[in-house]
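Shown next, in structure tokens, is the structure this report addresses.
All figures in this text were calculated on a predicted structure; none of them were measured in a lab. Note that these values count all heavy atoms, side chains included, but never hydrogens, waters or copies made by symmetry.
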Amino acid sequence: MHGHQMILMVNSANAPDRIDKPARMDESSPDPPFHETYKTLFNNLTDTTQKNFPQFPVMEEVELPLVDLNQLNLGDSERESCKKQIARASQEWGFFQVINHGISREILENMRREQVKLFKKPFQDKTNGKDLNFSAGSYRWGAPTATCLGQLSWSEAFHVSLSDILGSGGLNNLCSTMEQYATTVSELAQKLADILAEKIGQKSIFFKETCLSSTCYLRMNRYPPCPMSSQMFGIMPHTDSDFLTVLHQDHIGGLQLVKDGKWIAVKPNPEALVINIGDLMQAWSNNIYKSVEHRVVANELKERFSTAYFLCPSYDTVIQSCIQPSVYRRFSFGEYRKQVQEDVKSFGYKVGLPRFLVPSH
């Protein structure tokens, strides 16, 4: 979920299916002016636009492959078995979950508490960055390119470059908590990337050299309750534009991914962190590891929080396959991000890796 999603938030308490006049903005409300901004799309609800809605059938919740990272501290055979599980899940699912991951419950709980406090701030304070030392544009909501409600994501987020918070001397509780969280999760992400490299015969220091703390991102998400949850995305289907993502989610659920051509729901595990492969890892591994499409569906009654850590290189880092012949041409991370942003602007969605395939003769 890296920097390209179109996201939106609503105050569910007074959001009927049809909106006839804009609600007055309450200066102290944490909610963005959803009624005013998307009034036209709601008022245009007819049989034809209704067809643009996603429909979410009730689906069985499935457990992601579960890897106990404590095995890495045991004997050779246990360590090797653990690495194989990580590689296999990354090839077959593009997703897995880890327990005994080395991030303390205290760090996770502190992060969640600070995140909830942040999202409860008045909307105006979030948009103007009041009391926050994040770069402009870190707070995101809405979908400027949406032409129908089926292109909206019912969420708000702070997408923060770690260069904004590292070495800030812990300006406040939020910054020091984010820094502590990011530092511990970064070690986990590097460890997993190194294992994935090793399992395809690459003793690579590529990730340590290119994915510095300052080039990675932390994204804090809030998915408010949604009165039209059967028809609305919490976040639109997408792949992540990074090497890999470490996700800490709550118990509410809503994460879904594509497996064997079908959407499946992920059963939340409060003890585990969710790991997923990003586009850069798929390109670097020459399609051995899979960056899989995933989404979040909205919930009618409960708000959901999650925090994602994105293992990213600097913009000038060149991504090229470590295995030949290569499926993708060489490209820089900056070039990739620019293409994603252009496509979202033009089409309302990300095209991603297919743009970078080597032409077949």
Note to self: Quick check for you: to the nearest 0.5 Å, what is the distance between Lys120 atom NZ and Lys126 atom NZ?
What the structure shows: 8.5 Å
Check: Are there more than 12 heavy atoms of other residues, nucleotides or ligands under 6.0 Å from atom NZ of Lys302?
Finding: no
Pair up each side-chain donor or acceptor in residues 65-72 with any protein partner under 3.5 Å, not counting sequence neighbours, and list the distances.
| residue | atom | partner | partner atom | Å |
| --- | --- | --- | --- | --- |
| Asp68 | OD1 | Asn70 | N | 2.9 |
| Asp68 | OD1 | Asn100 | ND2 | 2.8 |
| Asp68 | OD2 | Asn100 | ND2 | 3.4 |
| Asn70 | OD1 | Asn73 | ND2 | 3.3 |
| Gln71 | NE2 | Asp68 | O | 3.1 |

Next item on the list: Taking side chain to side chain contact (heavy atoms under 4.5 Å, CB included) as the test, write out the residues that go with Asn110, two or more places apart.
Entry: Glu106, Arg113, Thr177
Notebook entry, point to check: Heavy-atom distance under 4.5 Å between the side chains of Cys216 and Tyr309, does that happen here?
Noted result: yes
Check: Arg140 versus Arg219: any side-chain heavy-atom pair under 4.5 Å?
Finding: yes
Next item on the list: Give a yes or no answer on whether the side chain of Ser81 reaches the backbone of Ser77 with a donor-acceptor pair at less than 3.5 Å.
Entry: no
Check: Can you check whether Lys199 reaches Arg88 side chain to side chain, under 4.5 Å on heavy atoms?
Finding: no
Note to self: Show every ring pair (Phe, Tyr, Trp, His ring centres under 6.0 Å) that has at least one partner inside residues 60-119, sequence neighbours left out.
What the structure shows: Phe95-His294, Phe119-Phe158
Note to self: If the condition is side chain to side chain contact (heavy atoms under 4.5 Å, CB included), which residues does Ser332 pass it with, not counting sequence neighbours?
What the structure shows: Glu335
Note to self: Consider side chain to side chain contact (heavy atoms under 4.5 Å, CB included). Of Leu311, Leu280, Leu188, which one does Leu244 pass it with?
What the structure shows: Leu311
Checklist line | Pair His159 + Phe134: ring centers closer than 6.0 Å | finding: no
Notebook entry, point to check: Is it the case that one hydrophobic cluster holds both Trp284 and Val318, taking links as side-chain heavy atoms less than 4.5 Å apart, direct or via other members?
Noted result: no
Note to self: Once rounded to the nearest 0.5 Å, what's the spacing between atom OG of Ser29 and atom CD of Gln124?
What the structure shows: 9.5 Å
Next item on the list: Using only heavy-atom distances, determine whether the side chains of Tyr223 and Glu156 contain a donor-acceptor pair under 3.5 Å.
Entry: no
Margin query: For residues 261-272, which residue pairs pass the side-chain hydrogen bond (donor to acceptor under 3.5 Å, both in side chains) check, not counting sequence neighbours?
Written below: Arg105-Glu271
Note to self: Filter on salt bridge (Lys or Arg N to Asp or Glu O under 4.0 Å), then keep only pairs touching residues 274-285, sequence neighbours left out; what's left?
What the structure shows: Asp279-Lys350
Next item on the list: Sequence neighbours left out, what pairs pass salt bridge (Lys or Arg N to Asp or Glu O under 4.0 Å) with at least one residue falling in residues 204-215?
Entry: Asp194-Lys208
Next item on the list: Taking the side chain as every heavy atom from C-beta outward, state whether Met111 and Phe305 have any pair of such atoms under 4.5 Å apart.
Entry: no
Notebook entry, point to check: Do Tyr289 and Phe206 belong together in a cluster built from hydrophobic side chains that touch within less than 4.5 Å?
Noted result: yes
Note to self: In the structure I gave you, are the side-chain heavy atoms of Ser138 and Asp164 within less than 4.5 Å of one another anywhere?
What the structure shows: yes
Notebook entry, point to check: What distance separates Asn221 CG from Glu303 CD, expressed to the nearest 0.5 Å?
Noted result: 12.5 Å
Check: Hydrophobic cluster mates of Ile252, side-chain heavy atoms under 4.5 angstrom, ILVMFWY only, any path?
Finding: none
Next item on the list: Would you kindly confirm whether Leu247 and Ile99 end up in one hydrophobic cluster when ILVMFWY residues are joined by side chain heavy atoms under 4.5 Å apart?
Entry: no
Check: Quick one: are Ser291 and Met281 in side-chain contact, heavy atoms under 4.5 Å?
Finding: no
Check: Ignoring hydrogens and geometry, is there a side-chain-to-backbone donor-acceptor pair from Ser153 to Met236 under 3.5 Å?
Finding: yes
Notebook entry, point to check: For Asp242 and Thr245, does a side-chain donor sit closer than 3.5 Å to a side-chain acceptor?
Noted result: yes
Checklist line | Proximity of Trp141 and Phe123 rings by center, below 6.0 Å | finding: yes
Next item on the list: Rounded to the nearest 0.5 Å, what's the gap from CG on Leu162 to OG1 on Thr215? Could you check?
Entry: 8.5 Å
Notebook entry, point to check: For Phe331, what residues pass the ring pair (Phe, Tyr, Trp, His ring centres under 6.0 Å) criterion, not counting sequence neighbours?
Noted result: Tyr336, Phe356
Checklist line | Exam field: side chain Ser104 to backbone Ile107, donor-acceptor pair closer than 3.5 Å | finding: yes
Next item on the list: In sequence, state the C-alpha distance, the side-chain angles, and the governing distance for Asn287 and Tyr328, and then conclude on side chain to side chain donor-acceptor pair (under 3.5 Å).
Entry: CA-CA 9 Å; Asn287 279 354; Tyr328 303 99; 2.7 Å; yes
Notebook entry, point to check: With sequence neighbours left out, what residues match Arg355 under side chain to side chain contact (heavy atoms under 4.5 Å, CB included)?
Noted result: Gln339, Asp343, Phe347, Val351
Margin query: Any heavy-atom pair between the side chains of Lys117 and Leu174 that's under 4.5 Å?
Written below: no
Margin query: Please check: side-chain N/O of Glu78 versus main-chain N/O of Gly75, any donor-acceptor pairing under 3.5 Å?
Written below: yes
Margin query: Is it the case that the side chains of Thr317 and Ser314 hold a donor-acceptor pair, with the cut-off being a distance below 3.5 Å and no angle test?
Written below: yes
Checklist line | Straight-line distance of Gln97 CD to Leu64 CG, nearest 0.5 Å | finding: 5.0 Å
Check: Do you see a donor-acceptor pair shorter than 3.5 Å between the side chains of Ser326 and Gln320?
Finding: no
Item checked: Side-chain heavy-atom pair Ile277, Leu196 within 4.5 angstrom cut-off -> yes
Check: Of all residues at least two apart in sequence or in a different chain, which pass the salt bridge (charged side-chain N to carboxylate O under 4.0 Å, His left out) check with Glu198?
Finding: Lys83
Next item on the list: Answer yes if Val98 and Leu74 sit in the same cluster of Ile, Leu, Val, Met, Phe, Trp and Tyr residues linked by side chain heavy atoms under 4.5 Å apart, and no otherwise.
Entry: no
Checklist line | Within 6.0 Å of CZ in Arg79, more than 12 heavy atoms from elsewhere | finding: yes
Check: With sequence neighbours left out, what residues match Lys345 under side chain to side chain contact (heavy atoms under 4.5 Å, CB included)?
Finding: none
Notebook entry, point to check: Does Phe207 have its ring centroid less than 6.0 Å away from the ring centroid of Phe243?
Noted result: yes
